[in-house]
Amino acid sequence: MMLKEYYRSFHIDEKVFDYCNQVECDLKERFAGIDAVCEINQLKVLKAMQENHLSEAHFAGSTGYGYTDDGRDVLEKIYADVFHTEDALVRSQIVCGTHAICTALFGNLRPGDELLAISGKPYDTLDEIIGIRPSRGSLAEYGVTYAQVDLTPEGEFDYEKIQAAIHDRTRMVEIQRSKGYAVRPTLSVEKIGAVIAWIKNMRPDIICMVDNCYGEFVEVKEPSDLGADLVVGSLIKNPGGGIAPIGGYICGRHEYVKNASFRLTTPGLGKEVGASLNNTKAFAQGLFLAPQVTANALKGAVFAANVYEGLGFRAVPDGSEDRFDIIQAVELQSPERVIAFCEGIQAAAPVDSYVRPEPWDMPGYDSPVIMAAGAFVSGSSIELSADAPMREPYAVYFQGGLTYQHAKYGIIMSLQKMVEKNLIVW
Ligand SMILES: *Cc1c(COP(=O)(O)O)cnc(C)c1O
């Protein structure tokens, strides 16, 4: 069967297929650029594995306390080498990205310290950790204060306001690399490096922490290459390569990683305990695949932006912009289109493809939310997934795709669903 016939067997109209295929044809140069970054990152990861003598024996895992777990320790050395940091904490006991960030914050901040966010309000799940929304056990309850400087309307760091916000008690600066689900540009590693150098010049004692979620391996450099003291993220996003079933990482300066480890386990025990169970092989294999998987997700995002831009919708980032994370937003302008889009992504999934997503009132959100995900790892957003709050401008956010071919098929399916409901004007 030829490709077109395959797509026909999936009930994709010829017009939809031809249009999307033409869009793809025009992206060859873009994709070559993504492949070039991927190749460098692949070698970076491979080099770290070879230099640390990763071997089959390291996959044996440990139980109980997890003392002398060589596989876990070697994997942490590999992470430290990939991110070019002194130390790393890569653990199954870090349950998600939010937990990794929380551990880095609580481990390094003390009563009387101030945390300063300089890329605007951090990711929503940090509200209750910081105490932006009052919550039991927040940093605020422990006497850690919080200040925030928003990005300028152009999406740049506001150097003047940052300078004014820094004072004696400022202990840590938080920078979020990805836009997450906010409407602002994602920050390049170069821009993050420039602001960190400027802060360090003024106040070398301030810890610069980067929430690195969704940014890993999108560029050839990581924020830790340009001065970040801590980079933190989730293993069910980019660096887990779709293989890690759980986990998070904290890479950075030895002292700060150690402080985080004392929070994750206990003061004194730190990194010495924490059984890897049977996860070391999955973490290592996931890291090995991560540059390629990230590249696939990026290609899917670029493809989607161009498919929908070509039909008159606004894509953020737009079809030709440089990318600094894997998230793509498309403003679909109507609830019907948002639902059709998510139905298409769901119908294209390898798992739960027969399920039809519907908007629901999710706790913590001010409007109904619709989500599409059919993942091997529950909630994994490095796998093809989409979500959208049901409100103006009816923007759908989607990300991931372990293979580009799957991401492409998902996008084509999303358009097919809209065409079937007469929601597209060609
Ligand atoms: C996903 C994400 C988080 C939180 O990670 P979880 O694994 O969902 O807890 C934090 N910051 C950003 C920018 C993210 O994208």
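Indexing begins at 1, ligand by ligand and atom by atom, following the structure's order.
- In this structure a side-chain-to-backbone donor-acceptor pair under 3.5 Å is present from Arg72 to Gly274.
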Validation: residues 33-45 side-chain donor-acceptor distances under 3.5 Å, sequence neighbours left out:
{"residue": "Asp35", "atom": "OD1", "partner": "Lys299", "partner atom": "NZ", "Å": "2.7"}
{"residue": "Asp35", "atom": "OD2", "partner": "Lys299", "partner atom": "NZ", "Å": "3.4"}
{"residue": "Asn41", "atom": "OD1", "partner": "Lys44", "partner atom": "NZ", "Å": "3.3"}
{"residue": "Asn41", "atom": "ND2", "partner": "Phe217", "partner atom": "O", "Å": "3.1"}
{"residue": "Asn41", "atom": "ND2", "partner": "Glu219", "partner atom": "O", "Å": "3.1"}
{"residue": "Gln42", "atom": "NE2", "partner": "Phe288", "partner atom": "O", "Å": "3.0"}
{"residue": "Lys44", "atom": "NZ", "partner": "Val220", "partner atom": "O", "Å": "3.0"}

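- Note: His406 and Tyr409 have tilted aromatic rings, judged against thresholds of 30 and 60 degrees for the angle between ring planes.
- Separation of the Phe341 and Phe313 ring centroids does not fall under the 6.0 Å cut-off.
- Partners of Glu222 according to the salt bridge (charged side-chain N to carboxylate O under 4.0 Å, His left out) rule, which considers only residues two or more places apart in sequence or in another chain, are Arg177.
- Residues meeting the ring pair (Phe, Tyr, Trp, His ring centres under 6.0 Å) test with Tyr404, sequence neighbours left out: Phe31.
- Sorted by chain and number, the heavy-atom contacts of ligand 1 below 4.0 Å come from Cys96, Gly97, Thr98, Ile101, Tyr123, Gln176, Asp211, Cys213, Tyr214, Ser234, Lys237.
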